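Worksheet: the structure to be examined is printed underneath.
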2 protein chains.
Amino acid sequence: MGFTKSDLFTPEQNTVSLIFKALGHPARVAILDYLLKVGECICGDIVNELPLAQPTISRHLKELKNAGLIKGNIEGTAICYCISQEAVATIASYLDSILTQLNNNNNCC
Amino acid sequence: MGFTKSDLFTPEQNTVSLIFKALGHPARVAILDYLLKVGECICGDIVNELPLAQPTISRHLKELKNAGLIKGNIEGTAICYCISQEAVATIASYLDSILTQLNNNNNCC
DNA sequence: CGTTAATATCGTAATATTGCAATATATAAA
DNA sequence: TTTATATATTGCAATATTACGATATTAACG
């Protein structure tokens, strides 16, 4: 096998897990960290910043974009990338809801 | 290839990406959701709740435990699982920090 | 048009993940 | 000790992911 039975779970579970999955690689976290530091940049800047080849960075950017974590604006031959807060807010509120419920109902073993 | 060059990234990037990765599957999100609803439970309860086989649930529980997201207390032949808030708090504060910086410095393209 | 620059896609190889059946382990009860 | 219960591990097959070199695409510039 190796596939995920996503039809067996709720839409929200699938949505948040897809965003979490996109953040489940250090290179993509590093890309977000860099984007946060510089505000916005083009793909080539990230290639210079991280020790990965250009096609690899491009693929990671694609996954971040598919998850809604970044957006890209075409500027001539370059593409200007920046963080999109929506997906971040989605999983942040999911986690905050977990923390709130844990604090209110601390019946942990 | 298929491996991750984790030695190329910062310890924090590796730490948070490992936690995110553990949440990057809908079955593991569903397990957390169920644990949050019932407070604590044993593996068999989750097997009855989710449409996955017992070894598969056991494997997912192992990954959640490795990431620090749950803890398990042995109670006779069963193991009582519950959410551990530390890992949740780690990535929640990481995301909150991103959101704060995005609000303060909105130079997005 | 030809060239350059920036990014994306393709092809391929290696590794990782997912899932289940079968089996192993470990404790409790009879 | 035997049996039942609960969970973990192993072995396997299928799929997914990661990474890079080579190539394609696209737009600006001369």
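All of these numbers come straight from a predicted model, not from anything done at the bench. Residue numbering restarts at 1 for every chain, and letters A, B, ... go by the order of the sequence lines.
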Checklist line | B:K62 vs D:dT9: side-chain N/O to OP1/OP2 distance below 4.0 Å | finding: yes
Notebook entry, point to check: Taking the side chain of A:L52 as its heavy atoms from C-beta onward, which of C:dT27, C:dA21, D:dA19 lies nearest to it?
Noted result: D:dA19
Margin query: Heavy atoms only, 4.0 Å cut-off, all strands: where does B:I57 land among base, sugar-phosphate and nothing?
Written below: nothing
Check: Which of the following nucleotides, C:dG19, D:dA19, C:dT27, is nearest to the side chain of A:H60?
Finding: D:dA19
Check: Among the nucleotides D:dA27, C:dT7, D:dT7, which one has an atom lying closest to any side-chain atom of B:C43?
Finding: D:dT7
Next item on the list: Kindly point out which of C:dT7, D:dT15, D:dC20 is positioned nearest to the side chain of A:F3?
Entry: D:dT15
Next item on the list: Tell me yes or no: between the side chains of A:S97 and A:Q101, is some donor less than 3.5 Å from an acceptor?
Entry: yes
Next item on the list: Write down the distance between CG (B:N73) and C1' (C:dA26), rounded to a whole number of angstrom.
Entry: 17 Å
Next item on the list: Provide, to the nearest angstrom, the distance between the CD atom belonging to A:E63 and the P atom belonging to D:dA16.
Entry: 13 Å
Margin query: Under 4.0 Å, heavy atom to any atom of DNA chain C: which of residues 20-32 of chain B qualify?
Written below: B:K21, B:H25, B:R28
Check: Expressed in angstrom and rounded to an integer, what is the separation of B:I42 atom CD1 from C:dA26 atom P?
Finding: 19 Å
Notebook entry, point to check: Should the pair A:F9 and B:H25 be assigned to parallel (<30°), tilted (30 to 60°) or perpendicular (>60°) ring geometry?
Noted result: perpendicular
Notebook entry, point to check: Could you state the CG-C1' distance from A:N66 to D:dT17, rounded to the nearest angstrom?
Noted result: 14 Å
Check: Has the side chain of B:T56 got a donor or acceptor atom that lies under 3.5 Å from a matching backbone atom of B:L52?
Finding: no
Checklist line | Atom-to-atom span, CD of A:E75 to P of C:dA8 - whole angstrom | finding: 13 Å
Notebook entry, point to check: When you look at A:L95 and B:D96, which way does the side chain to side chain contact (heavy atoms under 4.5 Å, CB included) test go after all the steps?
Noted result: CA-CA 10 Å; A:L95 294 177; B:D96 285 341; over 6 Å; no
Item checked: Gap between atoms CD1 and C1', on B:I70 and D:dA8 respectively (whole Å) -> 13 Å
Checklist line | Listed nucleotide nearest any side-chain atom of A:S58, set C:dA8, D:dT18, C:dG19 | finding: C:dA8
Next item on the list: Verify the contact: side-chain N or O of B:Y81 to OP1 or OP2 of D:dA6, cut-off strictly under 4.0 Å; return yes or no.
Entry: no
Check: At under 4.0 Å between heavy atoms, what does A:I74 touch on the DNA or RNA strands: base, sugar-phosphate, or nothing?
Finding: nothing
Notebook entry, point to check: Step by step, would you call B:K71 with B:E86 a side chain to side chain contact (heavy atoms under 4.5 Å, CB included)?
Noted result: CA-CA 11 Å; B:K71 50 188 173 181; B:E86 288 185 20; over 6 Å; no
Notebook entry, point to check: What does A:T56 touch in the nucleic acid at a heavy-atom separation under 4.0 angstrom: a base, only the sugar-phosphate, or nothing?
Noted result: base
Check: Given that B:L61 and A:R59 both sit by DNA chain D, which one's nearest nucleotide is further toward the 5' end?
Finding: B:L61
Check: Rounded to whole angstroms, how far apart are CG on B:L50 and C1' on C:dT18?
Finding: 15 Å
Note to self: Among C:dT27, D:dT7, C:dT7, which nucleotide has an atom closest to any side-chain atom of A:I79?
What the structure shows: C:dT7
Check: Any chain of hydrophobic side-chain contacts (each under 4.5 Å) joining B:L50 to B:I83?
Finding: yes
Next item on the list: Considering non-hydrogen atoms only, spot the tightest contact between A:T4 and B:P26 and give its length.
Entry: CG2-CG, 3.7 Å
Margin query: Using a distance-only criterion (donor-acceptor N/O pair, under 3.5 Å, no hydrogens), is the base of D:dA8 paired with the side chain of B:Q54?
Written below: yes
Next item on the list: Compare all side-chain heavy atoms of B:R28 with those of B:L23 and state whether any distance is below 4.5 angstrom.
Entry: no
